[in-house]
Amino acid sequence: MRLSDDVLLDVMARFQAEMVKGLGRDTNPTATVKMLPSFVRSLPDGSEKGDFLAVDLGGSQFRAHRVKVFDDGKQSSQLESKFYPTPKEVIQGNGAELFDYVADCLLDFMETKNLKHKKLPLGFTFSFPCKQTKLEEGILLAWTKHFKVRGVQDTDVVGSLRKALQKHKDIDVDVLALVNDTVGTMMTCGYDDQRCEVGLIIALGQTGNLSALAPTCTGTGTNACYMEEMRHIDLVEGDEGRMCINTEWGAFGDDGALDDLRTEFDRELDLGSLNPGKQLFEKMISSLYLGELVRLILLKMTKEGLLFNGKVSTALLTKGKIEMKHVSAMEKYKEGLSNTKEILTELNLFPSEEDCIAVQHVCTIVSFRSANLCAAALAAILTRLRENKKLLRMRTTVGIDGGLYKTHPQYAKRLHKVVRRLVPNCDVRFLLSVSGSGKGAAMVTAVAYRLAAQRKQINAALAPFLLSLETLREVKNKMRTELEYGLKRETQASATVKMLPTYVCGTPDGTEKGKFLALDLGGTNFRVLLVKIRSGRRRSVQMYNKIFAIPLEIMQGTGEELFDHIVQCIADFLEYMGIKGARLPLGFTFSFPCRQASIDKGTLVGWTKGFKATDCEGEDVVDMLREAIRRRNEFDLDIVAVVNDTVGTMMTCGYEDPNCEIGLIAGTGSNVCYMEDMKNIEIVEGNEGKMCINTEWGGFGDNGCIDNIRTKYDKEVDEGSLNPGKQRYEKMTSGMYLGEIVRQILIDLTKQGLLFRGQISESLRKRGIFETKFLSQIESDRLALLQVRRILQQLGLDSTCEDSIIVKEVCGAVSKRAAQLCGAGLAAIVEKKRENRGVEHLQITVGVDGTLYKLHPHFSRVLRETVKELAPQCDVTFMLSEDGSGKGAALITAVAKRLHNVGQK
Ligand code: ADP
Ligand code: MG
């Protein structure tokens, strides 16, 4: 019975394997350790408050409790309890009688405490093995202990209790949680110490002797629960967060896994028990059995003449005669041998002093083995927790309840010591649960209550982000209306979707060639490019580019400074490429709304995104660039075209696929262009052919037409932006703003106390900290919650596991809405193209660029799905553009140059 540390480490490994087996879908049916999901997903966080009821059935006594919890920051609570008898006719009668009795007792309790008028949530501690499918539902697997009520097994005990309570019209009690006593212990301790994530019961078991025990005794003498990662729990849907698992570890070894460690005494005890072959681990640990083990050992030693002069007394032959309380008393070394002598004398054993010493020794060996085995299994749980958290060292707390642990003189000390030796990399605090399982059930209920209230608030905050198909259809229709306004002469001036003609009238035909310069201004980076286009059989495009930073003070300084800076960058590039002397044709990708009168003239309508240089709006950007070149007086350039990035994107894809007649950007900003029939463009002369229209759809909604779907968060983002009231659609759909919307929601949820413990940190206050790339990372399916927490940590946001789930949900809501709105807009465009062509079915390609589209894990899919749903008659192919703003600008320049030359000839 003496187990070395090597053996204990081996037991620990076996238990670890058994836990894995219990968690696996396929292996669970044959696992001995059942690993029952408890549906308790959160520990108390200290913000619980309210008045709760609990009933506790299945422990040593039947009790009703009232627990008041205060969120005063001091984790204080008040507990009032009342005990009720459990008459034999009730616990061995039928189900309806049992639950009626429980309801009657509760009614009595509420009357005594003057609570009848109150609507109260109730937690039900029911310490029998139950298969739960929800927090408030549990199917009884089997009665244990001295309970044997007919018609309850395989039914939902919460439902039965509810039914019984409903018979009392004068009380209003809502059963919110079904709780196992181990879980209750963890939750009680978790209220005082938020690190608590393990619950352990080492109960004294029933008082009285063994023979009085249950007909089918599989009592919860010892058991443990802990917080497991959802992704490891096959039996419950979902991968996020954690859930408390009730291990039911007493059955460990029932498949023979511990046979090499079981002694002849263990076997004998088992054979003489009421459930032979079952609960073998429990039988080596629980106080229900330790006294009996001691008796069997003493009996054998006496029979062999090693004790009491070989005289066996009738008492020593009687099952259950030595109880745990005797073992505990005999092990009180401080009191010498007097206890031992007294107890043995009572058993008619007439001990000598040597007998007393030997018996004391036997008691110690038996109870020490119990502590050792318990420690080994607990060490396995702790190791699993640490590995789940991917930590090298872990600090944690184990909540403990149970008579053996509390009353035995050495048990606790031994258990702690062995655990610390077996898992040296865990700093474990052992916390005694003060008011037991009743308070635990109330705590579970309090947490469930808090979570339900929080869930309601979170859902309410995110509800405006859920757009119905009908709403999306409405958005599509409104977009269509605005597109028409922008094209019509009378309405065009006041239209919010400006529908700017680009004077790009054809897509490339493959004969383009030459060397071109391109500028790309308006995205995250400013770039200068050299593009070499070859035609014919060696058709290809080669590009060289250099990225230059545009400092914020220049982006938001004067126009002259901005353009001088641009020309400075061009000079650097020409120098760098060694082409300063060549007067190359240049295409200027300028991704802001420009009113064009020809391909090389563009008047800036207004800055968008992060730009706000003065004296530019209303000016021709090509002129400004030319003047800056002249001011520098170092080189000359032939500015052929001013190009929007959407057009560049369409042209780049059009170079590969002639069916590409739409360009879409989902990056920092959001915009679309498409080839429109000349006859529909009223503000440009001529009715023949097509021209590309830069929709500038980001301004959609600036007349208030989509204000019905804008949330207060959108309004806050808008108000804090450089261009309040403008680009409302863009602010709901593009990379520059999504993170900011998320930040606004997080602030609001934090203010409501739903996140980050209600503390708005310095970093959360910082505009722009929540970049859209973090949305992509957080929403990535492959990312475990732990990594989400690391990302938040990097942002200076200290999150709990629950926080990170909420943050992920918020990100999901914001990016999904963005993709859907963008999809609704695009559906309007493709539908228009279909009608222009007058076809039943349209085949069309959309060239797409933008990091949001390319890197976000869900954006592109949701966008495509929405288009499919809203424009079912269009078969849309999405083609990723590679560097549309560079290559596209060069292609447009090449086409313009070709047409120009033709014109001159
Ligand atoms: P631009 O639109 O500025 O020309 P991009 O298409 O590269 O350039 O888009 C850049 C924008 O994309 C950034 O401003 C940011 O909002 C967003 N973004 C950056 N990284 C990611 C990412 N990993 N996932 C989603 N969006 C991102
Ligand atoms: Mg870009």
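The figures that follow rest on heavy atoms only: side chains count, while hydrogens, waters and symmetry mates do not. Atoms within a ligand are numbered from 1 in the order they appear, just like the ligands themselves. Since the structure is predicted, the reported quantities are computational estimates derived from the model, not experimental observations.
The pair K854-D849 counts as a salt bridge, with a side-chain nitrogen and a carboxylate oxygen less than 4.0 angstrom apart. Salt bridge status for K868 with E865: absent, with no side-chain N to carboxylate O gap under 4.0 Å. Salt-bridge annotation for D520 and K887: absent, with no side-chain N of the basic residue lying under 4.0 Å from a carboxylate O of the acidic one.
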Query raised in the report: Between F700 and C705, is a side-chain contact (heavy atoms from CB on, under 4.5 Å) present by the stated rule, with each step listed?
Result: CA-CA 8 Å; F700 176 46; C705 73; 3.6 Å; yes
Requested in this report: Apply side-chain contact (heavy atoms from CB on, under 4.5 Å) to T877 and N659, showing your working.
Outcome: CA-CA 9 Å; T877 306; N659 209 13; over 6 Å; no
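Short contacts between ligand 1 and G850, defined as distances under 4.0 Å to a heavy atom of the residue, involve ligand atoms 6 (O). Residue-ligand proximity, G667 to ligand 1, at heavy-atom distances under 4.0 Å covers atoms 2 (O), 6 (O), 9 (O), 11 (C). Within the listing of ligand 1, atoms 16 (O) sit less than 4.0 angstrom from a heavy atom of G735. Near L855, the atoms of ligand 1 lying under 4.0 angstrom from a non-hydrogen atom of the residue are 22 (C), 23 (N), 24 (N). Close approach to M736 involves these atoms of ligand 1, each under 4.0 Å from a residue heavy atom: 16 (O).
For ligand 1, one of its N or O atoms has an N or O atom of T851 under 3.5 Å away. Between S776 and ligand 1, at least one N/O pair is under 3.5 Å apart. In terms of N/O distances under 3.5 Å, ligand 1 is not approached by I665.
Within the set E740, K773, Q777, the minimum heavy-atom distance to atom 20 (N) of ligand 1 is found for K773.
Not counting sequence neighbours, K726 has no partner by the side-chain hydrogen bond (donor to acceptor under 3.5 Å, both in side chains) test. Every residue two or more places apart in sequence or in another chain that forms a side-chain hydrogen bond (donor to acceptor under 3.5 Å, both in side chains) with T800 is listed here: D803.
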